[in-house]
**Student:** 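After the C-alpha cells below, expect a handful of questions from me.
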Amino acid sequence: MSGTTNSEELAPVYDPKALERRIYARWEERGYFHEEPDPARPAYVICMPPPNVTGRAHLGHGSTYTPMDVMTRYHRMLGDNAVWLPGLDHAAIATEAVLLKEMAREGLTREALGRPAYLERAWAWARTYGGTIDAQFATLGFGPDWARKRFTMDDGLSAAVRKVFVQLYREGLIYRGKRLVNWDPKGQTTVSDAEVDHVEREATLWHVRYPGQDGGEGIVVATTRPETILADVAIAVHPQDERYRALIGTKVLVPPLRERAIPVIADEAVDRGFGTGAVKVTPAHDATDYEIGLRHGLPAPSVIDLQARITDAEIGAGPYAGLDRFEARSRIVEDLRVAGLLAAQEAYRHAVSVSERTGDVIEPLLSEQWFCRMTPLAKPALDAYREGRLRFVPERHGRTYEAWLENIRDWNVSRQVWWGHQIPAWYTPDGSIVVAETEEEARAIALRDHGGAELVRDTDTLDTWFSSGIWPFSILGWPQHSTELACWYPSQVLMTGGDIIFLWVARMVMLGIHFMGEVPFPDVFVAPTVFDAQGRKMSKSLGNAIDPMDLVERYGADAFRIGILRQMRIESQEIRFHESRCDEARKFANKIWNAVRYALALAEGLPAPLVLPENARLTIADRWILTRLHDTIVEFSRLLDGYDFGNATESIVRFFWYELCDWYLEATKEPGNAATRASVLSFALNNALRLLHPIAPFVSEELWLALPHDGATIMTATWPDPLEVPVDRDAAALFAMVQATVERLRNERAENGIADRVRAAIGVPAGKADWRGLADLVLHFAWGNPAQGDRSGDTPAEFLAGFAVRADPAAHAARLHKEAARLRGEVARAEKNLANPQFVAKAAEDVVAKEREKLQGYRTELARAESALAAMKEHR
RNA sequence: GGGCGGUUAGCUCAGUGGGAGAGCGCUUCCUUGACACGGAAGAGGUCAUAAGUUCAAUCCUUAUACCGCCCACCA
C-alpha cells in the first residue's frame with residue numbers, strides 16, 4: 001500500500017492498443033467485476049438489457065451501455081454494493097430468420113428437420129455466436145459481472161417463464177382466443193401491436209361500385225385493399241348520412257364476381273367525409289371492420305391464408321384463389337375496370353402496417369392465439385409512475401409511457417417460431433386446455449379433470465419480450481428466494497434506448513410489480529438515438545454505419561467512450577455522431593498522459609499519495625487548482641447523479657486540460673511554486689484520474705498506477721471526497737485575476753507582433769512583498785517584454801492592471817481606443833439602467849447592487865484607459 | 001389526425017430573466033524544462049420569425065415557419 005511509483009517510464013506517446021487489452025485481462029483475472037450481494041452496503045444494480053444472440057456491437061451500445069458501465073464503476077468507487085448484470089436474449093424471430101436462411105442454403109426446412117433436431121441446431125448456433133458481443137463489450141471496456149451472465153433460454157429462466165405463464169393463466173390474465181392478430185407473412189408468425197411499424201407510403205384509393213341486388217345503381221365504396229372485397233360481408237354507411245339512408249337494409253352484390261349479396265348497414269364508426277362515405281366491411285382482415293362485424297353479428301370469413309395468398313377455404317374466391325395478395329389486387333382491379341365497376345381511382349398517401357422485424361406488410365388475420373390481458377397489469381404500472389415511484393430521464397418519455405398504458409390493448413404473446421419458450425399448454429383429445437409448469441403436472445391435471453392423460457402440447461412459443469419482461473427478477477434466481485433476489489431487486493436504474501420503452505420497459509414494470517410487489521427500478525434513463533453526422537439513421541444499406549470496433553482500433557476504447565459520452569445531451573432525442581469527437585478524445589488522453597509524465601519527471605520526485613503540504617505553504621496557484629478540483633468533484637458527481645453524461649464529460653475534460661494542464665502545470669514551472677508542486681500535482685492528478693475512471697477506465701488505471709497510489713487498482717479506489725480538498729476562494733479569485741492579466745498581456749503582445757522572450761524583473765510596491773508571487777506568475781505566463789506600468793496600487797487588481805506590454809505606441813493607442821469605446825458602451829448601458837427609477841424600484845436588490853458595482857468597475861477601467869491615452873499624448 | 005422535442009458562431013452543441021459561451025473548423029504567431037496528438041492570440045452570432053408579459057426577454061407566454069421523434073383501426 002505504500003506510495004510505489006512506477007519505475008518504468010511512460011512512453012512519450014499514448015498508445016491505447018498496447019495497454020487496453022492488458023489492463024482488461026488483469027481486471028478480469030483478478031475478479032474486479034465480480035460482486036456478491038452485501039446487505040450491509042447500499043445496493044447499486046443495473047440489469048444490462050440483454051443483447052440479441054445474433055447481435056454485434058453498434059454505436060447504439062455506445063450511448064446506452066457506456067452509461068451503464070460508467071454508473072457501475074462510479075458507484076463501486078463510492079463503496080456501494082455495485083454490480084452490472086449481463087445477459088443474452090434468444091431473440092426468437094431474428095435468430096430463427098438467420099437459421100432458416102442458413103438452412104435454406106442447404107435445402108433444409110424447419111419442418112423437414114423436425115422440432116428436436118431444429119432446436120439442437122439452434123442451440124449449437126447460439127452457443128457458437130452468442131459470445132461474440134461479449135468480447136466486443138470487453139474491448140469497449142465494459143465491466144459487467146461476467147460470472148453472472150444469464151441467457152433467456154437458460155434452464156432457470158425458462159422455468160421462471162413457465163411459472164409466470166401458468167400463474168397469469170390461473171389468475172385469468174392469460175387466455176386463448178380467436179382474435180384479429182398481426183400476421184407477418186414473411187416471418188410466418190404473429191407479432192404484437194408494439195412490433196408493428198406504420199410507414200407512410202404512396203398508394204391508390206379505388207372507388208368500387210357494388211351493384212344493387214335489385215338491379216339498381218348500388219353503392220360506391222373507397223378502398224385501398226380491393227383483394228379483400230372477396231371477404232366483404234356488408235357495406236357500412238353513417239346512420240345520419242342522407243345520401244345513403246334509402247339504401248340501408250337493401251342488398252348489394254360483391255364485385256367483381258357478383259355471386260354474393262351483402263347488406264348495407266349503418267354504423268357510427270363510418271366517417272361521412274372520407275372517400276364516398278361508404279365503407280366495405282371485411283371483419284377477417286381489418287381491425288375496424290372486425291369491430292363493426294361484432295356489433296352487427298356479421299360472419300367473418302377469411303380469404304387470405306398464412307402465406308398471404310387468396311384462399312377459397314372459407315368463402316368463394318373464384319379465379320383468384322391461390323394468387324398472392326398483391327397479384328390478386330391488381331387482377332381484381334383490372335377485372336373491375338373491365339366490368340365497369342371501377343368508378344374512380346386516386347393517388348393516396350397513407351400509413352401501411354409493416355413488421356418491424358421483417359419489413360413485410362402485416363396481414364390482419366383472424367387466428368386462435370394466446371393473449372395477455374393488459375388493463376389489470378397496466379393500472380399499477382400507471383400508478384407507480386403517477387405516484388413518482390417510477391421516473392423517466394428525460395421526463396417526457398414518462399408521458400408517452402403513460403399515454404401508451406392508458407390505451408393499452410391485450411398483448412398477443414404466442415408466436416409461431418420454434419426457437420423460444422414453448423408455451424406450457426397442452427390439449428386433450430376433446431380440445432380442453434391444460435396449462436402447467438411441467439408435462440407431469442399437466443398429465444396429472446388432465447387425469448383428474450378430463451379423465452385421461454393423453455395430451456398434445458401447443459406448438460407455439462412465447463414472444464421474446466415475455467421472457468425479457470421478467471428479466472429483473474428471473475436473472476436473480478426467482479422463484480427461488482436467493483440472497484441476490486433479496487439484495488438486488490429492485491435495481492437502481494434501467495438504461496436503454498427509446499425504441500423499447502413499450503416493448504420492454506413498460507412490460508418489466510407491469511410484471512415486476514405483479515410478481516415482486518414493487519417496480520423493478522425507480523429510474524429509467526432513455527439514451528438518445530445515434531445518427532450519422534447528417535442526421536440519418538445508421539444502416540448497412542445506406543453504408544453510413546460506423547462499427548465501434550473500428551473506432552476502438554483507431555482511437556482506443558477510452559477515446560470512443562469519451563467521444564460518444566461528450567455528445568450525449570440529456571434532453572436531446574438524437575446524437576449526430578461525429579467521429580472527430582473520438583479523435584479529440586484521443587488527444588485528450590494523450591494530453592493527460594503527458595501531464596503525468598511531467599509529474600513523474602519532476603526532479604524532486606513525488607511524495608506518498610494524497611499528502612498535501614501544510615496549508616500555510618500552499619501557493620496561490622496551489623490554492624486555486626485545489627479549489628477548482630473541489631468544485632469539479634462536486635459538479636462532476638452531481639452531473640453523473642443526474643445522468644448528464646455530456647456535461648459531466650465536458651466538466652472533467654475542461655478541468656483536466658484547460659485548468660490542470662494549461663494553467664496549474666505551467667505554474668509549477670515558475671520557481672516560486674516549486675516547493676509544493678510535487679505533492680499538489682500528485683494530489684490533483686490522483687483525484688482527477690479517479691473522477692475520470694468511470695468514463696475512461698483504461699488510461700485512468702494506467703496513469704493512476706504510474707503515480708503514487710494506494711491499492712491495486714483504481715477500480716476500487718475511493719471516489720474523490722470534496723471535503724478532503726482544501727478550498728480557498730480568495731486565493732482562487734486572485735489567481736483568476738492573474739489569468740485575466742496574463743490573457744490581456746498575451747493579447748497585447750500578439751497584436752503588437754512582439755515575439756521576443758525578454759523576461760523582465762518587475763518591482764513590487766513597498767510593503768506588498770506578498771505580491772511578488774503574483775508578479776512572478778504573470779511574468780512566467782506572459783513573458784514577452786512586459787515593462788511598462790506603474791507597478792503600484794492599493795489592491796492586487798490595481799497592481800495587476802499596471803502591467804503592460806512595451807509596444808508600438810500607435811498600436812497601443814488603437815487598442816486603448818477600442819477598449820475605451822467598449823467600456824463607454826457598458827457604462828452607458830449600466831447608467832441607463834440605474835437611472836431608470838422602475839429598475840431601481842422593481843429589480844431585486846442584489847441585481848441593483850451588482851449593477852452599481854459593474855458600473856463602478858467599468859468607470860475605473862475607462863478612466864484608466866483614458867488616462868493612459870492622455871499620458872501617451874503628453875509623452876509625444 | 002393526436003402528442004412531444006428542436007431552431008444560439010461555418011459545423012456539433014452548452015447556457016442564463018439583468019454584462020452572448022465551449023469544442024471543432026478558419027486566420028496569425030510560437031519548438032518555451034510533459035504533450036506539435038502541443039501552446040498562444042484573433043475573426044465570426046440582430047440566440048428562427050412575430051406579438052405579448054416584464055423596469056428588463058436569447059431565456060417566460062402565445063402564434064407562425066422549418067427540422068425531427070413517438071403514437072394512431074378513417075377504409
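Each chain gets a letter, A, B and so on, in the order the sequences are listed, and its residues count up from 1. Values below: every heavy atom of this structure, side chains too, minus hydrogens, waters and symmetry copies. No experiment lies behind these values; they were computed from the predicted model shown.
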**Student:** For A/E584, what residues pass the salt bridge (Lys or Arg N to Asp or Glu O under 4.0 Å) criterion, not counting sequence neighbours?
**Tutor:**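 Scan of A/E584 (salt bridge (Lys or Arg N to Asp or Glu O under 4.0 Å), adjacent residues dropped) gives A/R566, A/R581.
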**Student:** With 3.5 Å as the limit, what N/O pairs link the protein to nucleotides 54-57 of chain B?
**Tutor:**
residue, atom, partner, partner atom, Å
B/rC55, OP1, A/K842, NZ, 2.1
B/rC55, O2', A/N836, ND2, 2.9

**Student:** Can you pull the salt bridge (Lys or Arg N to Asp or Glu O under 4.0 Å) pairs that have at least one residue in residues 221-238 of chain A, sequence neighbours excluded?
**Tutor:**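 Output for this query lists A/R225-A/E227, A/R225-A/E363, A/E227-A/R329, A/D232-A/K280.
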**Student:** So if I define the base as every atom that isn't primed, P, OP1 or OP2, how would nucleotides 68-75 of chain B read as a B/S/- string at a heavy-atom cutoff under 4.0 Å?
**Tutor:** BS-SBBBB
**Student:** ring-ring contact (aromatic ring centres under 6.0 Å, His included) with A/F781: which residues, sequence neighbours excluded?
**Tutor:**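 A/F781 satisfies ring-ring contact (aromatic ring centres under 6.0 Å, His included) with A/W663 once adjacent residues are dropped.
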**Student:** Could you name each residue pair satisfying salt bridge (Lys or Arg N to Asp or Glu O under 4.0 Å) that touches residues 824-838 of chain A, not counting sequence neighbours?
**Tutor:**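 Residue pairs with at least one partner in residues 824-838 of chain A: A/R824-A/E866, A/E826-A/R829, A/R829-A/E851, A/E831-A/R859.
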**Student:** Could you pull out all residues at least two apart from A/Y401 that satisfy ring-ring contact (aromatic ring centres under 6.0 Å, His included)?
**Tutor:**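 A/Y385, A/F392.
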**Student:** Please name all residues satisfying salt bridge (Lys or Arg N to Asp or Glu O under 4.0 Å) with A/R677, sequence neighbours left out, ordered by chain then number.
**Tutor:**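 Residues passing salt bridge (Lys or Arg N to Asp or Glu O under 4.0 Å) with A/R677: A/E604.
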**Student:** Between residues 643-660 of chain A and RNA chain B, which residues have a heavy-atom gap below 4.0 Å?
**Tutor:**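 Nucleic-acid contacts, sorted: A/N647, A/W657, A/Y658.
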**Student:** Please list, in numerical order, the residues of residues 848-857 of chain A that have a heavy atom closer than 4.0 Å to any atom of RNA chain B.
**Tutor:**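 Heavy-atom cutoff 4.0 Å gives A/E851, A/K854.
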**Student:** For Watson-Crick and G-U wobble pairs within 3.5 Å on both distances, what is RNA chain B written in dot-bracket notation, | included for inter-strand pairing?
**Tutor:** (((((((..((((....[..)))).(((((.......))))).....(((((..]....))))))))))))....
**Student:** Just to verify, what does A/E748 make a salt bridge (Lys or Arg N to Asp or Glu O under 4.0 Å) with, not counting sequence neighbours?
**Tutor:**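 Testing A/E748 for salt bridge (Lys or Arg N to Asp or Glu O under 4.0 Å), a comparison that skips the adjacent residues, returns A/R744, A/R815.
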